[in-house]
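As structure tokens, the structure follows; a few thoughts come after it.
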Amino acid sequence: MTINCKGTLVDLSSPKVMGILNITPDSFYDGGKYKDESAILTQVEKMLFEGATFIDVGAYSSRPGAKHIAEVEELQRILPVIDLLIKNFPEIILSVDTFRSKVAIETVNAGAAIINDISGGKMDANMFETVANLQVPYVLMHMLGTPQNMQKNPVYKDVVEEIISFFAAQIFKLHQLKLNDVIIDVGFGFGKTVAHNFDILKNLSLFKNLDTPILAGVSRKSMLYKTLDISAKEALNATTSANTIALLNGANILRVHDVKEAVEAVKIVEQVL
């Protein structure tokens, strides 16, 4: 349960929090919010102060139906931000939310420590070999389809069983390539109905059989706000409830917009466990 982030060993047996920094104009909750250096630095400083172990930077919006952007635009968005954050927070552990191997190479060379791939290696045939060569922790997420079509009637015979089978096959490939640090993300909201998402959350402990750390990303997602008939902006309390369930069922990392509340959830659950 220890991962090596550019020489810093992070023990995930005690759950950690990953703060989200979307530098996209169209992300579902905070799109367009962090578009200048001052706003970016203020938000990252806040998340680090509140207890985030990792900051996950995304320059490609993966919300359902999001606009596809070219690789060059993704790089133009993200590389200056990585440079800015490394200069201002030298000890920061940066994760990069990308499915592109070239973006992975360039961002790790710029100082990023983790690659977080929403496609689980399915959208770039070179990704697995790339992360194995880079020897960085890799978040392997499950997604049915692409961000453009994933929510158009996703169907499973058994959602939990099928996702576990997907992970088992992909983890085997990564281990064959001698990648040491693999983290799984079940992909809440990525090609799943609300019912699928809650089935996965209820059975999250079954994914511990894969013997890899589990990342849970439910923050302010539609599975929560649609269930309660509220907006994403009103879904902080629901997020904390879902995060608590995820922690009780074995999550090792919470990927969130609201770090303070997630860190508090971790502390409370650790007292219980």
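Note that this is a predicted model, so its numbers are computed, not measured.
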For this session: Indicate yes or no: does E162 engage K157 in a salt bridge with an N to O separation below 4.0 Å.
Result: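 No, this pair does not count.
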Exercise. Going by an N to O cut-off under 4.0 Å, is there a salt bridge joining K192 and D199?
Worked result: no
Within 6.0 angstrom of [X] [atom1], more than 12 heavy atoms from elsewhere:
| X | atom1 | answer |
| --- | --- | --- |
| E45 | CD | no |
| D158 | CG | yes |
| E129 | CD | no |
| D229 | CG | no |

Exercise. How would you list all residue pairs meeting ring pair (Phe, Tyr, Trp, His ring centres under 6.0 Å) that involve residues 106-137, not counting sequence neighbours?
Worked result: F128-Y138
Is a donor on one side and an acceptor on the other found under 3.5 Å between the side chain of [X] and the backbone of [Y]?
| X | Y | answer |
| --- | --- | --- |
| N249 | S205 | no |
| N203 | I200 | no |
| K221 | F188 | yes |
| Q170 | G120 | yes |

Problem set entry | K260: salt bridge (charged side-chain N to carboxylate O under 4.0 Å, His left out) partners, not counting sequence neighbours |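 Listed in chain order: E264.
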Donor-acceptor pair between [X] and [Y] side chains, under 3.5 angstrom:
| X | Y | result |
| --- | --- | --- |
| K173 | Q176 | no |
| E270 | S14 | yes |
| N116 | D97 | no |
| D56 | S95 | yes |

Exercise. Quick check, are the ring centers of H196 and Y156 under 6.0 angstrom apart?
Worked result: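 Aromatic pair counts; centres sit under 6.0 Å.
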Seminar exercise, completed: Smallest heavy-atom separation, Y225 atom then A235 atom, equals CB-CB, 4.3 Å
Exercise. Between L201 and A242, which heavy-atom pair has the shortest distance, and what is it?
Worked result: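 Scanning both residues, the minimum pair turns out to be CD1-O, 4.0 Å.
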Problem set entry | Full working for side chain to side chain contact (heavy atoms under 4.5 Å, CB included) between Y60 and I69 | CA-CA 7 Å; Y60 181 106; I69 64 166; 3.4 Å; yes
Exercise. So N252 and K16, side chain to side chain contact (heavy atoms under 4.5 Å, CB included) or not? Walk me through it.
Worked result: CA-CA 6 Å; N252 304 98; K16 302 296 186 285; over 6 Å; no
Problem set entry | Given F207, F190, F166, the one that forms ring-ring contact (aromatic ring centres under 6.0 Å, His included) with H142 | F166
Exercise. Given the rule that I, L, V, M, F, W and Y join up when any side-chain heavy atoms are under 4.5 Å apart, are V218 and V259 in one cluster?
Worked result: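 Yes, it is one cluster - the side chains of V218 and V259 are joined through contacts under 4.5 Å.
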